[in-house]
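Let me begin by presenting the structure, written as structure tokens, before commenting on it.
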Protein chains: 2
Amino acid sequence: MSDPAPPLEGFAAHDHRRCRTETLAVAERLSTERGLKLTPIRRRVLEILLEGHRALGAYDILHRLAQDGLGSQPPVAYRALNFLRDLGVVHRIEKLNAFVVCTHPRDAHVPAFLICRKCSSVAEASAPSQGGLLGAAAQAGFAIETSVLEAEGLCPDCQG
Amino acid sequence: MSDPAPPLEGFAAHDHRRCRTETLAVAERLSTERGLKLTPIRRRVLEILLEGHRALGAYDILHRLAQDGLGSQPPVAYRALNFLRDLGVVHRIEKLNAFVVCTHPRDAHVPAFLICRKCSSVAEASAPSQGGLLGAAAQAGFAIETSVLEAEGLCPDCQG
DNA sequence: CGCACTCACGTTATTGTATAACAATTGTGC
DNA sequence: GCACAATTGTTATACAATAACGTGAGTGCG
Ligand SMILES: [Zn+2]
Ligand SMILES: [Zn+2]
Ligand SMILES: [Zn+2]
Ligand SMILES: [Zn+2]
């Protein structure tokens, strides 16, 4: 286990303004690269998620959009979230039916999440090689397209 | 990488009658061990899942129960499924909001799933050590309680 | 027996999550 | 102008899960 174990922004103090600025810039860039646009709705959804490394439900986000006069029906939120997921700047946390901003949207990566079951904060780590799974998959003739690892437990703040 | 890569029943030919017999026996035994009962409803739900290594939604199962005159309201299905999950003979696939029978209900294990996005068949492998994640979690002070790995793609039959 | 207690199930209602389907609008290039 | 893609607006619906309360069977005990 010679992994350097990179910092987990979700739980550690860090310069979060940089998260915000850089992620917005990346989203902007990826959008134009694909001939698409980071519209006000999409940008606002990303901003809401960038308020912290916490998982938010689609309807939580929708309510926030409604307050801002940016839409009030479910498809509005889901479209924006799916757009941002396609860009790779937002991940879906399956265990929570919720969404969280990616902490390293530049690299292709297999996301792995540490989810606090008490406060819903989420730390994202690049998944390791996944060891035997890739081997087992190959041997079985299975073609993996996407994968995710989700671990649930208690974050440092919620223990003790 | 020296993992022997155990067989993935979900995709490989195997003696499925044994899956059925043994899993039912294990469920029976675990139930009595805990002073609980594998009632007709619970047994039937397990049998339905044992028809194959495929993920089924709670409402799919409920409809089957209804056909058999064993209950028609959602709580009936969810109670049975939660009971079987507590026993450890059924897993929930988060990506699909669906349930699948465990392929090695004896050992304590961290499940890892290969999910075919076309036919919903599921192969379960014991998760590897999770490599760097445990290290990163420890370093961040996060206490992992449960975790799951879900990979999506195409099974051998659904390629080509 | 009478009583307390747990397990299991029946039932109604409600909440939460997500998508289908179609209309309307905007912008861009030819 | 016109075709076309992208984006949004809107209505309705499907799918997933739980809350809350009631019923009855079984068990143990004085
Ligand atoms: Zn941050
Ligand atoms: Zn990520
Ligand atoms: Zn089998
Ligand atoms: Zn299992």
Side-chain angles (χ1 to χ4, degrees), chain A residues 27-28 30-46 48-49 55-87 90-100 115 117 120 150 152, chain B residues 27-28 30-46 48-49 55-87 90-100 115 117 120 150 152:
Chain A
E28 201 84 59
L30 289 176
S31 294
T32 35
E33 266 177 18
R34 304 184 186 193
L36 304 176
K37 283 170 187 164
L38 191 65
T39 61
I41 291 180
R42 293 167 176 174
R43 184 182 184 90
R44 187 76 191 103
V45 168
L46 183 53
I48 289 167
L49 286 171
L56 295 179
Y59 282 71
D60 295 332
I61 293 170
L62 182 58
H63 292 147
R64 297 284 307 275
L65 287 180
Q67 290 174 0
D68 299 352
L70 286 175
S72 60
Q73 300 308 318
V76 175
Y78 283 101
R79 284 170 186 151
L81 286 167
N82 287 331
F83 175 84
L84 295 169
R85 286 172 69 192
D86 287 344
L87 285 192
V90 163
H91 295 298
R92 181 183 149 84
I93 308 286
E94 307 289 346
K95 279 201 185 193
L96 302 177
N97 290 340
F99 303 84
V100 72
I115 307 159
R117 65 169 159 78
S120 291
E150 296 186 0
E152 202 168 21
Chain B
E28 200 84 60
L30 289 176
S31 294
T32 32
E33 265 178 17
R34 303 183 186 194
L36 304 176
K37 283 170 189 165
L38 191 64
T39 61
I41 291 181
R42 293 167 175 173
R43 184 181 183 90
R44 188 77 191 103
V45 169
L46 184 53
I48 290 167
L49 286 172
L56 295 179
Y59 282 69
D60 295 333
I61 293 170
L62 181 58
H63 292 147
R64 297 284 308 272
L65 286 180
Q67 290 174 358
D68 300 350
L70 286 175
S72 60
Q73 300 307 318
V76 175
Y78 283 102
R79 283 173 187 149
L81 286 167
N82 287 331
F83 175 84
L84 296 170
R85 286 172 69 191
D86 287 345
L87 284 193
V90 163
H91 294 299
R92 181 184 149 81
I93 307 286
E94 306 289 346
K95 279 201 185 192
L96 302 177
N97 292 339
F99 302 84
V100 72
I115 307 158
R117 65 170 159 78
S120 290
E150 297 186 0
E152 202 169 20

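Heavy atoms only: backbone and side chains are in, while hydrogens, waters and symmetry mates are out. In what follows, chains are A, B, ... by sequence order, proteins preceding strands, each numbered from 1. Since the model is a prediction, treat every value here as computed from it, not as a measurement.
- Among residues at least two apart or in separate chains, salt bridge (charged side-chain N to carboxylate O under 4.0 Å, His left out) pairs with a member in residues 67-87 of chain B are B/R44-B/D68.
- In this structure, A/R42 reaches the sugar-phosphate backbone alone: every heavy-atom distance under 4.0 Å involves primed, P, OP1 or OP2 atoms, never a base.
- Going from atom CD1 of B/I93 over to atom C1' of D/dC15 covers 18 Å, rounded to whole Å.
- Looking at heavy-atom distances under 4.0 Å, A/R34 makes no contact with the nucleic acid at all.
- Shortest non-hydrogen contact noted between A/K95 and A/I115 is CB-CD1, 4.4 Å.
- Rounded to an integer number of Å, the gap from A/I41 CD1 to D/dT10 P is 11 Å.
- One cannot find a donor-acceptor pair under 3.5 Å joining the base of D/dA14 and the side-chain atoms of B/Y59.
- Atom CG in A/D86 sits roughly 15 Å away from atom C1' in D/dT7 (whole-Å rounding).
- Taking for each of B/F83 and B/N97 the nucleotide of DNA chain C with the nearest heavy atom, the 5'-most of the two is the partner of B/F83.
- A straight line from CG of A/L36 to P of D/dT8 spans 11 Å, rounded to a whole angstrom.
- Remark: P of C/dC7 and CG of B/L38 are 16 Å apart, rounded to the nearest angstrom.
- Spacing between atom CG of A/L70 and atom C1' of D/dG9 amounts to 13 Å, rounded to whole angstrom units.
- Counting heavy atoms from C-beta on, the side chains of B/E28 and B/R43 come closer than 4.5 Å.
- Atom NZ of A/K95 is separated from atom P of D/dA17 by 14 Å (rounded to the nearest Å).
- A/T39 has a side-chain polar atom (N or O) that falls below the 4.0 Å cut-off from OP1 or OP2 of D/dT8.
- Within residues 72-81 of chain B, the residues approaching DNA chain D are B/P74, B/P75, B/Y78, B/R79, by heavy-atom distance under 4.0 Å.
- Both B/F99 and A/G69 lie close to DNA chain D; mapped to their nearest nucleotides by heavy-atom distance, the more 5′-ward contact belongs to A/G69.
- To the nearest angstrom, C1' of C/dT6 lies 11 Å from NZ of B/K37.
- Of the residues in residues 60-67 of chain A, none lies under 4.0 Å from DNA chain C by heavy-atom distance.
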